[in-house]
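Here the structure comes first, spelled out in structure tokens, and everything after it is commentary.
First listed ligand is number 1; within each ligand, the first listed atom is number 1.
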Amino acid sequence: MATPKNKPSCIARAASVSDAPLEDRYMLLIEAVQDYAIFMLDAGGNIASWNPGAQRIKGYTHDEIIGRHFSTFYTEEDIAAGKPARELQIAAAEGHVEDEGWRVRRDGSRFWANVTISAVRDANGALLGFAKVTRDMTDRMRLTELERASEVSAQVQITRENEQKRIARELHDDLGQQLTALKMSVALIEATLAQKDDTAHLVPQTHALQKEIDAMAMSLRRIAADLRPPLLDDLGLTAALEWLAEDFTKRYRVAATVHVEADEPQFNEFASTTLFRIVQEALTNVARHAAASHVRIELARDGATVSLEIEDNGVGAKPGLPSGNKSFGLLGIRERVRQLHGTVSYISSPGAGFRMSIRVPIADVR
Ligand SMILES: Nc1ncnc2c1ncn2[C@@H]1O[C@H](COP(=O)(O)OP(=O)(O)O)[C@@H](O)[C@H]1O
Ligand SMILES: [Mg+2]
């Protein structure tokens, strides 16, 4: 701690804290406080004392600030609105005023402050000045903002999943049924055409038409499944992961295996969707970056924790992941894990494959 210049000299004479006069002990206490700016104002609002906490938070040294008006710490808008004077008025009238808002440091940067101003009076009630305690709440405010942003993003994801589910169902139930009906009609026409000699030559064309309808139905099923894997809602996470692995193997010719512990917990819808999307994103990375021949997905329970591991035997990643401002995959995974109050780590080195380990509290997924 930097020793302030105008430290009361009487303290130096006492052998220990308990030997010092009461007044000096309070002085020592205030000098020791680093997290709060604690200082006195005279009745006009000019700064009369300063502690190391005040120097740390606001950036002024003792000598720079003593005698200056405390409105120095307020923003231009607050000064224009007469806030400093009003706060002193309230403190004088009520004994005390508390406020939270932006304040300005010596270097002009702003911090979010929690401020308490208390009137100090003598035995006869005459106003001597004010005691002011300021705390820098910027970190806590950022944290609250981050939490709010995370909540909003979780809500956006839920809305998106619901919308995708609706579209997938619509595609499957409506368009899918129409395609089935269309195929039956064409098959009927084909049967009729085949019965007469003068129309039999049209049969190959109707046959080709049926093939096209089959291809359309397959595309439709694939698009619907990409939007929302049907198994996830009907049979749960394990079944959906097995379907995903099978589909991945077919599409990319990379063997994907799923290992799930026998007593898989009953995941709630948000958790199973979140874990499914994480595996989907991780597999996309395997297809895109790993050049692997095998990827292993493991879901297990370890006491109060659920662990999810995705490990491939590919080329691995360069150290220092994730980098690049266009890489949203790992960032998205991190955010999803955060929403389940879990942790994620990556182990990888060039040539040694890539392994992602996720741990989430079981209480957040049931
Ligand atoms: N399974 C993997 N094998 C090798 N490298 C990977 C793997 N997964 C991710 N990476 C590396 O991490 C980077 C960041 O991944 P990601 O955030 O998903 O972004 P993107 O896939 O868009 O590049 C990738 O560009 C890649 O270099
Ligand atoms: Mg990616």
Side-chain angles (χ1 to χ4, degrees), residues 146-147 149-161 163-165 168 222-229 232 237-238 240-261 270-300 305-360 365:
L146 213 67
E147 275 163 7
S150 183
E151 270 165 35
V152 170
S153 123
Q155 212 45 55
V156 168
Q157 269 167 32
I158 291 171
T159 310
R160 212 177 106 186
E161 287 288 343
E163 188 63 3
Q164 289 186 189
K165 207 190 288 187
R222 183 180 50 75
I223 293 166
D226 276 350
L227 283 169
R228 179 76 189 177
L232 195 53
L237 183 61
T238 306
L241 288 180
E242 275 160 2
W243 167 81
L244 183 64
E246 209 175 293
D247 184 62
F248 181 79
T249 305
K250 261 192 250 154
R251 276 195 212 186
Y252 300 103
R253 309 202 175 279
V254 177
T257 52
V258 179
H259 305 262
V260 180
E261 218 179 49
F270 182 72
S272 51
T273 303
T274 301
L275 294 172
F276 181 86
R277 293 300 183 202
I278 288 171
V279 175
Q280 205 171 29
E281 182 59 42
L283 287 182
T284 303
N285 276 350
V286 173
R288 203 187 274 171
H289 309 292
S293 64
H294 184 232
V295 52
R296 178 186 158 91
I297 301 150
E298 190 176 307
L299 189 66
T305 312
V306 171
S307 79
L308 171 66
E309 309 236 324
I310 303 121
E311 181 177 21
D312 68 59
N313 64 349
V315 296
K318 285 178 234 100
L321 269 178
S323 60
N325 41 16
K326 278 197 226 113
S327 303
F328 288 116
L330 297 183
L331 221 73
I333 288 175
R334 202 178 286 274
E335 179 55 27
R336 286 191 194 272
V337 172
R338 224 168 78 85
Q339 283 159 3
L340 295 177
H341 304 111
T343 57
V344 56
S345 60
Y346 313 101
I347 302 175
S348 180
S349 52
F354 192 94
R355 183 162 125 205
M356 185 185 300
S357 302
I358 289 157
R359 303 254 177 291
V360 290
V365 298

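Distances under 2.8 Å from the Mg ion (ligand 2) pick out the protein N/O/S atoms Asn285 OD1.
Put simply, CH2 on Trp243 and CZ on Phe276 are 5.0 Å apart, with the number rounded to the nearest 0.5 Å. Atom CD of Glu242 sits about 10.0 Å away from atom CG of Leu237, to the nearest 0.5 Å.
If you number the atoms of ligand 1 from 1 as listed, the ones under 4.0 Å from a heavy atom of Arg288 come out as 20 (P), 21 (O), 22 (O). Counting atoms of ligand 1 from 1 in the listed order, those under 4.0 Å from a heavy atom of Leu330 are 12 (O), 14 (C), 15 (O), 16 (P), 17 (O), 18 (O). Taking every heavy atom of Gly316 and a limit of under 4.0 angstrom, the matching atoms of ligand 1 come to 4 (C), 5 (N). Every atom of ligand 1 is numbered from 1 in the order shown, and the set under 4.0 Å from a heavy atom of Gly329 is 16 (P), 17 (O), 18 (O).
When the options Asn285, Val295, Ile310, Ile333 are ranked by their closest heavy atom to atom 8 (N) of ligand 1, first place goes to Asn285. When the heavy atoms of Glu311, Arg334, His289, Glu281 are ranked by distance to atom 20 (P) of ligand 1, first place goes to His289.
Residue-level proximity to ligand 1 for Val315 is absent, since no heavy atom of it falls below 4.0 angstrom.
Proximity of Glu309 to Arg359: side-chain heavy atoms (C-beta onward) are separated by under 4.5 Å at one or more points. Between His294 and Val254, every side-chain heavy-atom pair lies at or beyond the 4.5 Å cut-off. A 4.5 Å side-chain heavy-atom check between Asn313 and Ser293 finds at least one atom pair inside the cut-off.
Using cut-offs of 30° and 60° on the angle between ring planes, the pair Phe354 and Tyr346 is tilted.
Listed by first then second residue, pairs satisfying salt bridge (charged side-chain N to carboxylate O under 4.0 Å, His left out) with a partner in residues 274-289 read Glu161-Arg277, not counting sequence neighbours.
Remark: the Gln339 side chain and the Ser153 side chain contain an N/O donor-acceptor pair separated by less than 3.5 Å.
Ligand 1 has no nitrogen or oxygen under 3.5 angstrom from a nitrogen or oxygen of Leu331.
For Glu298, the salt bridge (Lys or Arg N to Asp or Glu O under 4.0 Å) test picks out Arg296, with sequence neighbours left out. Listed by chain and number, the residues in a side chain to side chain contact (heavy atoms under 4.5 Å, CB included) with Leu146 are Arg338 (sequence neighbours excluded).
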